[in-house]
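One structure is given below, encoded as structure tokens.
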Amino acid sequence: MTFITANVLPAAPEIFVFSMACMILIVDLFLTEPRRVVSYLLTQLTLAGAAVLTVQGLAAPGYAFNGMFVADVLAGVLKLAIYLVTFFVFAYSRDYLRDRGMFRGEYFVLGLFGVVGMMAMVSASHFLTLYLGLELLSLSLYAMVAFQRDSDQATEAAMKYFVLGAIASGMLLYGMSMLYGVTRSLDIATVRQAVSALPPDHTLLVFGLVFVVVGIAFKLGAVPFHMWVPDVYHGAPTAVTLYLGTAPKLAAFALVMRLLIGGVEHLSASWQDMLVILAVLSMGIGNIVAIAQDNLKRMLAYSSISHTGFFLLGILSASPNGYSSALFYVLVYAVMSLGSFGMIVLLSRAGFEAERLADFKGLNQRSPWYAFLMMLLMFSMAGVPPTVGFYAKLLVIQSVVNAGLVWLAVAAVLLAVIGAYYYLRVVKLMYFDDAEDRSPIAARGDVKVLLGANALSLLVSMPWIGALIDLCRQAIQGIR
Amino acid sequence: MEFKQFVFYFFATVLVFAAAMVITVRNPVKAALFLVLAFFSAAGVWLLLQAEFLAITLVLVYVGAVMVLFLFVVMMLDINLVRLREGFGEYLPIGGLVAVLLVLEMAIVLASGQFGPERMPEPAALPADYSNTRALGRQIYTVYAYPFEIAALILLVAIVAAITLTLRRRKDTKYQDPGKQIRVNRNERVRLVKMRAEKKT
């Protein structure tokens, strides 16, 4: 254990975002109410600056802080996606927060701290940093969910999220401690070496693995550990749901990659079976229960559970191709989820939440453009061919077939068809029903442009899809 | 050696007993006090592991500071025990079932002979002048500097979150503004009125 003079350069984006978050925290104190927008602008500037630093760092991948931190292609890609998604989230939620008296600097500061947590998870090469990044993200999220203090629903959601999140962390830590007991190391590369030298059915290793998988499933919201997802998505203010349902999914993917693939890939025979159960149940329960929802936020929460199932399909095929298709899936899902929740935020006004399905009735009569965008989003979620969502589903199902689990692929396709029902119902409500509420839709210019770009990207990015998939492959190659 | 084992089992038994009492005892104040006992016994076990610094920190920080605050909070909150116990019987069967299953499953794994003392040899005893504190400090500020910083950041987030969620300025309470109090000048407070002296009659 020699200590090399700290090479902190690969961690420059983290340090930058953290310092800026602290600065915004202080600057915000001196701002008067009308000038509050400065905090918002500084936050967006921070994300842009971090993106520049990350792109610069891509040229020189490497380890830092005695091997606790790794900056590889996977980390770079995921970080850039996290900045982009968070940038959109903050832009969408600006008016929503202002209308509800929640336009306070703390929202953005906590959001940035959450981003630092995600970045730490994404670049973790040590179980300890992985866990601490997860806690940093979770703690920011708990506080953000409870942000609307006077709302009973939000408080209840925050409480549930907090208690279940703490249990999940406990499970994860217990599992990690077992792995540590066997391999005598928390460093992911060392654990990998030690595990490969042991028999794959080593009782202690599998015992620890079970707890790790349960902890991950809690954090991902996979059935049967999904109970918190609908309540939290529904109870939290929509701007927070928007944050919660997008970027943290990317970080959760990194958690799976670093722990299961980076650390204990040699136990794949054991975790594959566990993930098969989780994936089938998630796709099944998620898609079927979503049909019964009349609240769009709840429906999208169940849809996120089913998408978790799909993305687990890519992981459980235990091949580099499967991992890269899972990465592609999660990237596409983040964009779709961003657009859908963004639409709810856009249609909401002061004192009115457009979160019921009925609020989308006849949207075509009110604004054909937004109806079209929402249709694109829903088609992509359902996996209808001309959209990117179709390719994402196709790739994960292909990887399952390649892994020899044809029955699982058939089940996935069937469940996706069931899922298409409730996505298409939204389209039907928008185009074939009469509007109950004919108030005009007011939106800022920048939100209009961003939301349009967000939804259209699901269609327009088709020609470049090969390049994207190649990028995902490259990212996965780097971690092994 | 025998005596060391006796001490370990003594502290371990007290620890398990106190932890069980924390969650079963009715009175929250008593529960908090049992938690103090649990921390204290855990510190004893840590001392046996030659982790003196951690043991002392546990007693100083948790027993000395955190639990005292905790007791204050418990005493200040008027906790309605009847409402707290509502639904306890309702959830007991399913919760108990899950707990028993978990314990059984873990017992099966633990009894598989992989955890025996022969599998985990006792680490070599440290020399008498070995400083636990120095070793810990050296590790934390060099090898583990990055996790240490993230942990500090987590504490910062906790502070920000706690203040965000609890700070509210109520308009109906009267409070003093020290800045205004200091800036006050004589003319605002005292007015000299010229009056003609009354004549004595």
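Keep in mind that the numbers below use all heavy atoms, side chains included, and drop hydrogens, waters and symmetry copies. Per chain, numbering begins at 1; letters A, B, ... match sequence-line order.
If you measure heavy-atom distances from B:Ala158 to chain A, the contacts under 4.5 Å come from both the backbone and the side chain. Within the 4.5 angstrom heavy-atom criterion, only side-chain atoms of B:Leu156, from C-beta onward, approach chain A. With a 4.5 Å cut-off on non-hydrogen atoms, A:Phe18 touches chain B through its side chain but not through its backbone.
Remark: A:Met23 CE is packed, more than 12 non-hydrogen atoms of other residues, nucleotides or ligands lying under 6.0 Å away. Residue B:Phe40 qualifies as open at atom CZ: its count of foreign heavy atoms under 6.0 Å is 12 or below. For CG of B:Leu102, the number of neighbouring non-hydrogen atoms (other residues, nucleotides, ligands) closer than 6.0 Å is greater than 12. The number of heavy atoms from other shown groups lying within 6.0 Å of CE (A:Met159) does not exceed 12. At most 12 non-hydrogen atoms from other residues, nucleotides or ligands lie less than 6.0 angstrom from CZ of A:Phe162. The 12-atom threshold is exceeded at CZ of A:Arg149, counting heavy atoms of other residues, nucleotides or ligands nearer than 6.0 Å. By the neighbour-count criterion of 12 heavy atoms within 6.0 Å, atom CZ of A:Phe16 is densely surrounded, having more than that number from other residues, nucleotides or ligands.
Listed here is the closest heavy atom pair of A:Gly133 and B:Ile150: N-CG2, 4.4 Å. Minimum heavy-atom separation, B:Leu165 to A:Ala146: CD2-O, 3.5 Å. Nearest approach of B:Thr164 to A:Glu106, heavy atoms of both residues: OG1-CG, 3.4 Å.
Using the six-membered ring where Trp is involved, A:Phe65 and B:Tyr146 have ring planes that are parallel, under 30° apart on the 30 and 60° scheme.
Remark: A:Leu132 CG to B:Tyr144 OH distance equals 11.5 Å, nearest 0.5 Å.
In terms of non-hydrogen atom pairs under 4.5 Å with chain B, the most contact-rich of A:Leu139, A:Leu136, A:Val116, A:Val182 is A:Leu136.
Checked against A:Ser140 for a side-chain contact (heavy atoms from CB on, under 4.5 Å), the options B:Ile154, B:Val160, B:Val157 give a single hit: B:Val157.
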